[in-house]
Chemist: 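Quick one: structure below, then a few questions.
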Amino acid sequence: MQKTIKITLKDGKIIEETIEDREGIKLSLICQKIGKRLFEAAAAAKVNGRLTDLSDSIKEDSSVEFITYDNPEALPIFRHSAAHITAQAVKRLFPGTKLGIGPAIENGFYYDFDTQGRLTQDQIGKVEEEIKKIVEADYSFSFKEERKDAALQYFKDQNEPFKEELIKEIPESSVKIYTQGEFSDLCRGPHLPSTGKLKGFKLLNVAGAYWKGNEKNPMLQRLYGTAFPTKKELEEYLKNLEEAAKRDHRKLGKELDLFSIQELTGPGLILWHPKGALIRKIVEDYWREEHLNRGYDLVCTPHIARVDLWKTSGHWDFYKENMYRPIEVEEQEFMLKPMNCPFHILIYKTKRRSYRELPVRYAELGTVYRYERSGVLHGLMRVRGFTQDDAHIFCSPEQLETEMESCVRLALDLLRRFDFREFVISLSTGPYPSKAWELGLKPEELHQKLIGETSESARKGSVHRAITYQDIVDRFYPEKKNEFAGEKEEWIYAEETTAKVLEKVVLPQGIKPNIDIMGAAFYGPKIDIKVKDALGREWQCSTIQFDFNLPRRFDLNYIGPDGKEHRLYMVHRAMLGSFERFFGCLIEHYAGDFPLWLAPAQVKIIPIAERHHDYAYQIAKELKQNRIRAEVDDRGEKMQAKIRDAELEKIPYMIIVGDEEEKNKTVNIRKRKAQSDSKPLQTAQSLQEFIRDLKTALS
RNA sequence: GCCGGGAUAGCUCAGUGGUAGAGCAGCUCACUCGUAAUGAGCAGGCCGCGGGUUCAAGUCCCGCUCCCGGCUCCA
């Protein structure tokens, strides 16, 4: 039986094809008919909005879009195909290897294998060689739809226990098996037409990873790599990696003498050297100033407290794993604080509070200690002792919206001061259906995001009914939903208040919040703000968290206008996060090249010869009187060497003084990074002018 | 914590079971210099820590500490 089907293309053009009813027509054929160039550039196709392989066929009227290499949607296809090719290479080199999973990830892909430990870092080169052979062989990717039991048998015969496990978890009755050359793998697809299309790939490193991320499962070897449609894009990416390595805060921290972490002190404990401490002091001053201006009160609290405090707060029961063992003093047990909140609560509770004095906002640069497993520590980013820029807001329900709004504004204002321009904001919601999530995602998108990744049928679009929040909670978090503190009404009120604030403050700035469903802490929903640094990497900084738990545990209340006690709302918030992590971010964001207001030394004065030293010190004195951080380089080095060293120290300005300057009472200014091959940026001017300019730049 | 890799001078790093090395930094001396490294000399080491194998260990083996890449978690 033959029939004619209509194919609607992306540009609206409709083509008709007459096909054999049972066989349909291959997408690659359609593509080829449209044009040779399109065919060569096509990685995959989208049929009725669903991605599929070019080797797939269609049998009915459809809308078809071809995904070419330059389309961002092609990237994951490349990477996923690269993962399969990598697996093929590894299986060739290490027979008996059992396959785990091999997905595309943000900047590349990985594949997990059980090679019985044979795959190590020094084998990467060999695997790459093998991949090259596979690419050159240009095997085509093809797939077969198999019934689950047949597929199960197949992978059993292949001795692939992980694949068997995966198939058993798939709800559909059939699965797809992709083949290129002698290699076959369970996969949802789609893939490139053939292995030869993979032009730019690179294996990056090997690491251990638990099967399904669960430490009770066996440890597999994970091979990370990346892939791009062209070599050029790959090279750009690798360059970016190099740049990131250059900016590594651990490296710059050592080079610029900012901080150290030493074996004798212990892992995850930071020693701030003078220059680092100075930058921290500048940030702290700015932070305190901003908080005082915005109605916060500063408080200070101790590092240890009796264990009873932590029992009252619940940390003893629920946070014990992250706390250090008690310290015994005069037969009483004290604990190092992992958080500041209980102390702030105690200050609040020292007297009866009237609604007239709300909101109460207590802010503290509070140093806390948390036990972190040794393997997770990382420079300044993940440590065991750190100082949070913490605050707690105690307010009435009516004040919540205003308070939230000012928190979000404060966070963005502070972060922008440090030249962060892009933000990723997410709202983490709890177990009750509030309307908050509609803010970030349309129901269909939600569908794709949540169901699409886990279920084939939803991807095919067979479930089009509107999905509800409750569906998601029930389906994905069946046990977790009972672990939450607080009343349903509180949750909904808090989430909807937050949504209102995000709508008012964040959306107009062109930032679309993410909704992290069920991402809330057990005690309340939260907003997190991540910054994107100069290289586009994301760092968690601000967090604003509701707490329905502590006000109950500590019986926090206020006296309302009706003369009765009312339950207080409490908000935890940190804007920069911790000074340690934030400092690490700043170092990487600025590549160690701190802006004038943060630079530990702002001006280096370079006398050309010894006879200019007096004049140099005179200038330094005057700069210091104007609160400008200046140093004289009075070493017996050549001027050129001093300039070089000042450049390497990344000091924003140099003042070079010699006979001419001394005679004319001027200063010769060289701005950092004014390379000798560029136009000379240095100008002679009076010191007063220079000071005025700096002050303008600093204000 | 687990898997893999690593630790040699202040820093960056060579080092094949047989006398511990370089460059930079440091110190001393000379040079007093015009926009990214002046030259010479000197000094600098529990080769991460502890055991073992060996005539002999920085090198081989075992244990520990710390670091790096991940897994998991988070400020």
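All heavy atoms count here, side chains included; hydrogens, waters and symmetry mates do not. Bear in mind the structure is a predicted one, so any value in this text is a computation, not a measurement. Just so it is clear: chains get the letters A, B, ... in the order the sequence lines come, proteins before strands, and each one is counted from 1.
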Chemist: Under a 4.0 Å N-O cut-off, is there an ion pair linking A:Arg670 with A:Glu647?
Modeler: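 Between A:Glu647 and A:Arg670 there is a salt bridge, with a charged N closer than 4.0 Å to a carboxylate O.
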Chemist: So, A:Phe109 versus A:Tyr111, ring centres under 6.0 angstrom or not?
Modeler: no
Chemist: Give none if B:C24 has no partner; otherwise give the nucleotide forming a Watson-Crick or G-U wobble pair with it, both distances under 3.5 Å.
Modeler: B:G10
Chemist: With a 4.0 Å cutoff (strictly under), does any side-chain N or O of A:Arg670 reach OP1 or OP2 of B:A36?
Modeler: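 For B:A36, OP1 or OP2 has a side-chain N or O of A:Arg670 closer than 4.0 Å.
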Chemist: Rounding to the closest angstrom, what is the interatomic distance between B:G10 and B:G45 at atom C1'?
Modeler: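 So the two C1' atoms sit 12 Å from each other.
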Chemist: With rounding to whole Å, what would you report as the distance between B:G23 and B:C42 at their P atoms?
Modeler: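 My reading of the P atoms in B:G23 and B:C42 gives 12 Å.
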Chemist: What's A:Ala574 touching, base or sugar-phosphate or nothing? Going by heavy atoms closer than 4.0 Å.
Modeler: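 It contacts nothing in the nucleic acid.
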Chemist: Classify A:Glu321 by what it touches in the nucleic acid, base, sugar-phosphate, or nothing, heavy-atom distance under 4.0 Å.
Modeler: nothing
Chemist: Would you say A:Gln121 places a side-chain N or O within less than 4.0 Å of OP1 or OP2 belonging to B:G6?
Modeler: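 So the side chain of A:Gln121 is outside the cut-off, no N or O lying under 4.0 Å from OP1 or OP2 of B:G6.
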Chemist: With a centroid cutoff of 5.5 Å and a plane-angle limit of 30°, would you call A:Tyr224 stacked on B:G70?
Modeler: no
Chemist: Is it the case that the base of B:U72 and the side chain of A:Asn214 share a donor-acceptor contact (distance under 3.5 Å, atom types as modelled)?
Modeler: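 Absent.
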Chemist: So does A:Lys254 get a side-chain nitrogen or oxygen closer than 4.0 Å to the phosphate oxygens (OP1/OP2) of B:U12?
Modeler: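 So the side chain of A:Lys254 is within the cut-off, an N or O lying under 4.0 Å from OP1 or OP2 of B:U12.
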Chemist: P atom, B:G26 versus B:C68: distance in rounded Å?
Modeler: 28 Å
Chemist: Looking for any heavy atom pair under 4.0 Å, which part of the strands does A:Arg382 touch: base, sugar-phosphate only, or nothing?
Modeler: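 The residue A:Arg382 makes base contact.
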Chemist: In whole Å, measure the gap between the P atoms of B:U8 and B:U59 for me.
Modeler: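 Straight-line distance between the two P atoms is 13 Å.
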Chemist: How far, in whole Å, is B:G58 from B:A9 if one measures between their C1' atoms?
Modeler: 14 Å
Chemist: Can you tell which of B:A37, B:G34, B:A75 lies closest to the side chain of A:Arg644?
Modeler: B:A37
Chemist: I'd like the P distance from B:A14 over to B:A22, given in whole Å.
Modeler: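 Nearest-Å result for B:A22 against B:A14 at atom P: 16 Å.
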Chemist: When all nucleic acid strands are considered with a 4.0 Å heavy-atom cut-off, which category describes A:Asp659: base, sugar-phosphate, or nothing?
Modeler: base
Chemist: Report yes or no: do A:Asp257 and A:His273 form a side-chain donor-acceptor pair below 3.5 Å?
Modeler: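 Yes, A:His273 and A:Asp257 have a side-chain donor paired with an acceptor closer than 3.5 Å.
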Chemist: Taking the basic N atoms (NZ, or NE/NH1/NH2) and the acidic carboxylate oxygens, is any pair closer than 4.0 Å for A:Lys275 and A:Glu649?
Modeler: yes
Chemist: Is there a donor N/O on one and an acceptor N/O on the other, under 3.5 Å, for the side chain of A:Glu372 and the base of B:A75?
Modeler: yes
Chemist: Heavy atoms from C-beta onward define the side chain here; which of B:U35, B:A75, B:A37 lies closest to that of A:Asn668?
Modeler: B:U35
Chemist: Write down the distance separating the C1' atoms in B:G1 and B:C64, rounded off to the nearest Å.
Modeler: 16 Å
Chemist: Identify which nucleotide among B:C3, B:C74, B:G34 has an atom closest to any side-chain atom of A:Glu660, counting heavy atoms from C-beta outward.
Modeler: B:G34
Chemist: Side chain of A:Val376 only, please: which of B:C74, B:U72, B:U38 is the nearest?
Modeler: B:U72
Chemist: Under 4.0 Å between a side-chain nitrogen and a carboxylate oxygen: does that hold for A:Glu662 and A:Arg611?
Modeler: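 Looking at A:Glu662 and A:Arg611, the cut-off is not met.
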Chemist: If you check the A:Gln640 side chain, which of B:G69, B:U35, B:A75 turns out closest?
Modeler: B:U35
Chemist: Do the side-chain N or O atoms of A:Arg611 get closer than 4.0 angstrom to the phosphate oxygens (OP1, OP2) of B:C33?
Modeler: yes
Chemist: Counting heavy atoms from C-beta on, name the nucleotide in B:C67, B:A75, B:G34 closest to the side chain of A:Glu661.
Modeler: B:G34
Chemist: Report which part of the nucleic acid A:Val383 touches: base, sugar-phosphate, or nothing (heavy-atom distance under 4.0 Å, all strands).
Modeler: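 Answer is base: heavy atoms of A:Val383 come under 4.0 Å of a base.
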Chemist: Assess whether one donor atom and one acceptor atom, taken from the side chain of A:Arg581 and the base of B:C74, lie less than 3.5 Å apart.
Modeler: yes
Chemist: Ignoring backbone atoms, establish whether A:Arg250 has a side-chain N or O less than 4.0 Å from OP1 or OP2 of B:C68.
Modeler: yes
Chemist: Which nucleotide in the set B:A36, B:G70, B:C66 lies at the smallest distance from any side-chain heavy atom of A:Glu647?
Modeler: B:A36
Chemist: Can A:Phe583 and A:Trp272 be said to form a ring pair (Phe, Tyr, Trp, His ring centres under 6.0 Å), step by step?
Modeler: CA-CA 11 Å; A:Phe583 187 38; A:Trp272 294 69; 5.0 Å; yes
Chemist: Less than 3.5 Å between a donor and an acceptor, one on the side chain of A:Glu610 and one on the base of B:U32, is that the case here?
Modeler: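 Answer is yes: a donor-acceptor pair is held.
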Chemist: Any N or O donor-acceptor pair under 3.5 Å from the base of B:G70 to the side chain of A:Tyr210?
Modeler: no
Chemist: Relative to the ring of A:Trp211, is the ring of A:Phe162 parallel (under 30°), tilted (30 to 60°) or perpendicular (over 60°)?
Modeler: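 Ring orientation, 0 to 90° scale: tilted.
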Chemist: How do A:His612 and A:Gln221 order along RNA chain B: which one's closest nucleotide is nearer the 5' end?
Modeler: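 Nearer the 5' end of the strand: A:Gln221.
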Chemist: Are OP1 or OP2 of B:G70 and a side-chain N or O of A:His378 less than 4.0 angstrom apart?
Modeler: no
Chemist: Would you please confirm or rule out a distance under 4.0 Å between OP1 or OP2 of B:A75 and any side-chain N or O of A:Thr543?
Modeler: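 No, because none of the side-chain N or O atoms of A:Thr543 sits under 4.0 Å from OP1 or OP2 of B:A75.
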Chemist: Among B:G34, B:A36, B:C66, find the nucleotide with the atom closest to the side chain of A:Ile643.
Modeler: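 Looking only at side-chain atoms, A:Ile643 lies closest to B:A36.
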Chemist: Taking the nucleotide of RNA chain B with the closest heavy atom to each, which residue, A:Val206 or A:Ser578, is nearer the 5' end?
Modeler: A:Val206
Chemist: How far does the C1' atom of B:C3 sit from the matching atom of B:A43, given to the nearest Å?
Modeler: 44 Å
Chemist: Taking the side chain of A:Ala209 as heavy atoms from C-beta outward, which of B:U35, B:A75, B:C71 is closest to it?
Modeler: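 Closest nucleotide among those given: B:C71.
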Chemist: Should the pair A:Arg118 and A:Phe94 be classed as cation-pi, given the thresholds of under 6.0 Å to the six-membered ring centre and 45° from the axis?
Modeler: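 That pair does not qualify as a cation-pi contact.
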